[in-house]
There are 2 protein chains.
Amino acid sequence: MNAKQQAKYEARAKIIKALAHPTRLFIVDELSKTEQRCVCELTEMIGVDMSTVSRHLALLKNAGIVEDEKRGSMVYYRLRMSCVLKFFDCIESVIACNAANQQQLLT
Amino acid sequence: MNAKQQAKYEARAKIIKALAHPTRLFIVDELSKTEQRCVCELTEMIGVDMSTVSRHLALLKNAGIVEDEKRGSMVYYRLRMSCVLKFFDCIESVIACNAANQQQLLT
DNA sequence: CCATGCCTTGTCGATTTAGCCAAATAGGCA
DNA sequence: TGCCTATTTGGCTAAATCGACAAGGCATGG
């Protein structure tokens with residue numbers, strides 16, 4: 001693998017890594033349902049420290065998946081690349097396929 | 001977020017995490033082009049220790065993304081859920097969108 | 001101006017991850 | 001049997017990640 005290839009896969013991995021956490025998946029899911037949410041709302045829903053949520057959001061933003069907008073003292077986040085939602089169908093089918101496989105091993 | 005929700009997002013995150021590494025993305029890409037590859041071939045292409053490649057493959061297998069088949073003394077891996085390939089279009093568009101944004105900041 | 005609420009950032013400890021080397025396992029072949 | 005190759009696994013270190021708490025910045029409302 002040459003340097004250019006390497007860079008390509010690293011760039012891709014960075015985006016995927018940004019999604020690779022339950023809390024961040026929840027955030028993406030939530031923003032697909034509700035257009036925009038402030039940090040405090042998400043914090044409330046998730047149930048971890050606000051600083052932790054803030055960092056998750058910063059990470060998603062840095063990857064280009066969400067964007068933020070400050071209004072007054074609140075910061076609202078919304079989905080910037082909604083194509084990531086398409087991942088979920090495939091993910092679910094992987095999970096279902098794994099489950100079916102597990103099942104089969106028992107018989 | 002209740003326990004069931006939590007579990008759902010964790011299961012999803014596990015799959016995504018399995019893809020969140022440049023080497024593993026390379027492997028998936030390669031298996032989309034060539035149907036099957038043994039560990040030694042992939043090791044050759046990637047240029048890290050075979051034990052490292054073996055672990056990456058085990059991780060992908062554990063997530064249900066690839067499957068393996070032992071033939072003689074070699075182990076061949078192939079893609080099990082090719083739907084993950086669909087991720088790449090979206091990923092590329094995120095990258096392109098980020099780049100366009102960067103560009104705009106310079107003007 | 002001060003208090004309060006919203007948010008981000010610095011720091012720390014605990015956990016996970018990635019890579020290497022060495023050792024163990026397993027198949028193929030002389 | 002004994003060597004060689006292919007692969008996995010154990011052990012180790014360095015680096016990254018996550019979560020909590022504390023402190024600081026900024027806006028709002030008395």
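- Annotation: cation-pi pair Arg37(B)/Tyr76(B) absent, no NZ/CZ under 6.0 Å from the ring centroid and within 45° of its normal.
- In this structure, Met74(B) atom CE and dT8(D) atom P are separated by 12 Å, rounded to whole Å.
- Judged by distance alone with a 3.5 Å cut-off, no donor-acceptor contact links the side chain of Ser73(A) to the base of dC7(C).
- In this structure, Met50(A) reaches the bases: a heavy-atom distance under 4.0 Å links it to at least one base atom across the strands shown.
- At least one side-chain heavy atom of Phe88(A) sits under 4.5 Å from a side-chain heavy atom of Asp29(A).
- Glu10(A) has its CD atom 16 Å from the P atom of dA15(D), to the nearest Å.
- Contacts of Tyr76(B) with the nucleic acid, taken as non-hydrogen atoms under 4.0 Å apart, are absent.
- The phosphate of dA6(D) has neither OP1 nor OP2 within less than 4.0 Å of any side-chain N or O from Tyr77(B).
- The strand DNA chain D forms stems, runs of 3 or more Watson-Crick or G-U wobble pairs with distances below 3.5 Å, at C:1-30 with D:1-30.
- The closest side-chain heavy-atom distance from Val39(B) to Glu44(B) is not below 4.5 Å.
- At a threshold of 4.0 Å, the pair Arg71(A)-Glu69(A) counts as salt-bridged, since one of the basic side-chain nitrogens sits closer than that to a carboxylate oxygen.
- Using a 3.5 Å distance cut-off with no hydrogens or angles, the side chains of Glu30(B) and Thr34(B) do pair a donor with an acceptor.
- Of the side-chain N and O atoms in His56(B), none sit less than 4.0 angstrom from OP1 or OP2 of dT17(C).
- Judged as a ring-ring contact (aromatic ring centres under 6.0 Å, His included), and not counting sequence neighbours, the contacts of Tyr9(B) are Phe26(A).
- Between dC18(D), dT8(C), dT8(D), one nucleotide has an atom nearer to the side chain of Leu59(A) than all others, and that is dC18(D).
- Nearer the 5' end of DNA chain D, as judged by each residue's closest nucleotide, is the contact made by Ala58(B), out of Lys70(A) and Ala58(B).
- For Arg55(B) against dG11(D), a side-chain-to-base donor-acceptor contact under 3.5 Å is present.
- Annotation for Lys8(A): atom NZ counts as buried by contact number, over 12 foreign heavy atoms lying within 6.0 Å.
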Legend entry - Cys38(B) vs Val75(B), side-chain contact (heavy atoms from CB on, under 4.5 Å): CA-CA, chis, key distance, verdict: CA-CA 5 Å; Cys38(B) 64; Val75(B) 178; over 6 Å; no
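- Distance, Glu69(B) CD to dA6(D) P: 18 Å, rounded to whole Å.
- Counting to the nearest Å, the P atom of dG19(C) and the CG atom of Leu57(B) are 12 Å from each other.
- When the P atom of dG19(C) is taken as reference, atom CG of Asp49(B) falls 10 Å away, rounded to whole Å.
- Contacts between residues 16-44 of chain B and DNA chain D, counted as heavy-atom distances below 4.0 Å, involve Cys38(B), Val39(B), Cys40(B).
- Lys61(B) has no carboxylate O lying under 4.0 Å from a charged side-chain N of Glu67(B), or vice versa, which leaves the two without a salt bridge.
- Atom pair Lys14(A):NZ and dA16(D):C1' shows a separation of 15 Å (rounding to whole Å applied).
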